[in-house]
Amino acid sequence: MNPRVKLREQYLPFGQPNFSEEEMAAVMRVLRSRWIGMGPETERFESELAQFVAAKHVVTVNSCTSALFLSLLVHGIGPGDEVIVPSLTWCSTANAALYLGATPVFCDVDRSTFCVTPDAIAERLTPRTRAVIVVHLGGLAIDVDAVRAVLPQSVALVEDAAHALGGSFADGRPVGSSGNLTCFSFYANKNLSTGEGGAVALADEAMANRLRSLRQHGLNADAWKRFSDPRAALTPDFEEVGYKMNYTDLQASIGRVQLRRQPEFHAIRLAAAQNYVRRVGELRSDVKFQVGVLDQRHSRHLILVTLPLENMKLSRGDVVLEMRNRKIGASIHYRPLHTIPLYSERFPASLPSTEWIAERVMTLPISANMTDDDVLYVAEHFLGIVG
């Protein structure tokens, strides 16, 4: 083993946030203001994020799961409807349909991008299809215009961009600019982290206004508007049965700083990805990285690789466990939903490419905190374990 890569003392997580004194100062500023719920800081964050992703509107919520749920809700999805989703995703993508009484229909993905294709979606269309959720898995922006082209006009297209903030489409437009309802996550390990939280970027003003109401119990004026405009406080009204899914100014204060630091984070993640691809590729060309991981299309939230099991003595599970023994937070993204009994017993599917990926895929650590030495440590141990 290379002496430069002896066992670490501290565990290296697969992803962790990068917070500076600036984020801490922003939180203290909001705490001193005594207004910590949804208010002016949230409004500023929404405006700045809308500019960053080139969207007409951004509506923040308490999670990307809520963003997906509300996106289907405002599209009118309900019982009897089918929503096409990839199986290779986190449970929220499918659960958003289930919350509304709709049926998730699992579709296959491409073996090199790990993302849905127009053809795979077209194969799953039925007269009951009312929506499609595409996932920019790992942060790779897929061609949503090509997907839209195979869908009937009556079928809604929603983007699960939980991994993809900072990614761009092939023509250079940022993810979030398509006009589709595009859902982001600000969970602890995301490229922009506020601990928890999410947002919907969209073009339709009426839908944006409805989302703002739904996230706050269906009110026609949120708490900040009722505080800052006495007239709004006189006649609060519930326009429909809504939810408690709002964001807070404490989170937004962190988010505004994180948003300004995205170029810094982007450069760190790109350098880490380049180092991984170069070092691993030197010795194991049969280890395949997700296609596009070094492109502008990719936000590099995850570093996904497929293992050459036919040329290895260990299983994928063995590799992950051995890396964790060496204090490396290797992980698996994801166990396909259609192979989990909770879903497979109700929504059976045969998805050959997804199942092929599921046996081989694993995730190497990456974050905006990683140093070149961290990447070298992971790469050398990974290569030694794979053999």
Side-chain angles (χ1 to χ4, degrees), residues 46-59 64 67-68 71 75 84-86 88-90 93 107-122 131-153 155-186 190-192 198-204 207-208 258-259 262-263 265-270 273-274 277 289-304 333 366:
E46 289 176 341
S47 176
E48 291 162 6
L49 183 57
Q51 184 175 5
F52 182 82
V53 301
K56 290 184 178 179
H57 305 279
V58 163
V59 180
C64 189
L68 290 164
S71 293
H75 274 301
I84 298 174
V85 300
L88 192 65
T89 185
W90 184 240
T93 315
C107 72
D108 215 346
V109 295
D110 179 79
R111 292 192 183 192
S112 58
T113 66
F114 312 151
C115 294
V116 297
T117 66
D119 288 344
I121 290 170
V132 172
I133 304 178
V134 297
V135 178
H136 302 296
L137 190 72
L140 177 64
I142 69 171
D143 187 348
V144 293
D145 291 338
V147 172
R148 177 75 264 177
V150 304
L151 300 180
Q153 199 58 40
V155 174
L157 179 57
V158 174
E159 297 176 43
D160 182 339
H163 297 173
L165 183 70
S168 301
F169 298 114
D171 61 5
R173 292 177 299 134
V175 173
S177 65
S178 66
N180 302 319
L181 274 67
T182 303
C183 303
F184 294 104
S185 172
F186 309 133
K190 294 300 190 291
N191 293 30
L192 186 158
V200 183
L202 69 164
D204 189 284
M207 280 188 171
Q258 289 269 294
L259 191 58
Q262 286 303 296
F265 296 167
H266 176 86
I268 295 170
R269 287 176 175 275
L270 177 58
Q274 290 171 332
V277 171
F289 288 82
Q290 181 186 24
V291 164
V293 71
L294 300 184
D295 295 351
Q296 68 168 6
R297 294 184 298 155
H298 213 297
S299 71
R300 287 164 284 279
H301 171 60
L302 299 179
I303 296 294
L304 297 160
H333 292 83
I366 188 169

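Predicted model only: the values in this text are computed from it and were never measured.
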Practice item. Please report the closest heavy-atom contact between C64 and S185, naming both atoms and the distance. Key: CB-CB, 3.6 Å
Point to revise | Expected output: side-chain T89 to main-chain P86 donor-acceptor under 3.5 Å | key: no
Review point. Taking atom CG of L165 and atom CG of L192, what is their separation to the nearest 0.5 Å?
Key: 6.0 Å
**Study point:** Note, I303 side chain near V277 side chain (heavy atom, < 4.5 Å)
**Key:** no
Practice item. For A208, enumerate each residue passing the side chain to side chain contact (heavy atoms under 4.5 Å, CB included) test, keeping only those at least two apart in sequence or located in another chain. Key: H57, V59, L202, R212
Review point. Quick one: CG on N191 to CG on L259, what's the gap to the nearest 0.5 Å?
Key: 12.0 Å
Revision key, fill the gap. For residues 289-301, the salt bridge (charged side-chain N to carboxylate O under 4.0 Å, His left out) pairs (sequence neighbours left out) are D295-R297
Practice item. Would you give the length of the straight line joining atom NZ of K190 to atom CZ of F184, rounded to the nearest 0.5 angstrom? Key: 12.5 Å
Review point. By side chain to side chain contact (heavy atoms under 4.5 Å, CB included), which residues pair with Q51, not counting sequence neighbours?
Key: none
Point to revise | Check: N180/T182 side-chain N/O donor and acceptor closer than 3.5 Å | key: no
Exercise for review: Calculate, to the nearest 0.5 Å, the distance between atoms CZ and CD belonging to R269 and Q274 respectively.
Suggested key: 14.0 Å
Check your understanding: Is there a side-chain contact between W90 and H333 (heavy atoms, below 4.5 Å)?
Key -> no
Check your understanding: What closest approach, in Å, do V53 and V58 show between heavy atoms, and which atom pair accounts for it?
Key -> CG2-CG2, 4.4 Å
Review point. Quick one: does L151's side chain get under 4.5 Å of I121's, heavy atoms only?
Key: yes
Study note, to complete from the structure: For G138 and Q290, the nearest pair of non-hydrogen atoms, with its separation, is CA-OE1, 4.4 Å
**Study point:** Atom pair NE2/CG of H163 and L137 - distance to nearest 0.5 Å
**Key:** 6.0 Å
Exercise for review: Kindly compute the distance separating CD1 (I142) from CZ (F114), expressed to the nearest 0.5 Å.
Suggested key: 14.5 Å
Exercise for review: Can you sort out the partners of S71 under side chain to side chain contact (heavy atoms under 4.5 Å, CB included), two or more places apart, ordered by chain and number?
Suggested key: V158, L181, C183, V200
Review point. Between A201 and A55, what is the shortest heavy-atom contact and its length?
Key: CB-CB, 3.9 Å
Point to revise | Pair listing, side-chain hydrogen bond (donor to acceptor under 3.5 Å, both in side chains) test, anchored in residues 133-149, at least two apart | key: H136-E159, D145-R173
Check your understanding: Do you know which two heavy atoms are closest between G167 and S299, and how far apart they sit?
Key -> N-CB, 3.7 Å
Practice item. Quick one: closest heavy-atom pair of C115 and L140, and the distance? Key: SG-O, 4.2 Å
Check your understanding: Among all residues two or more places apart in sequence or in another chain, which pass the side chain to side chain contact (heavy atoms under 4.5 Å, CB included) test with D110?
Key -> S112, T113, T117
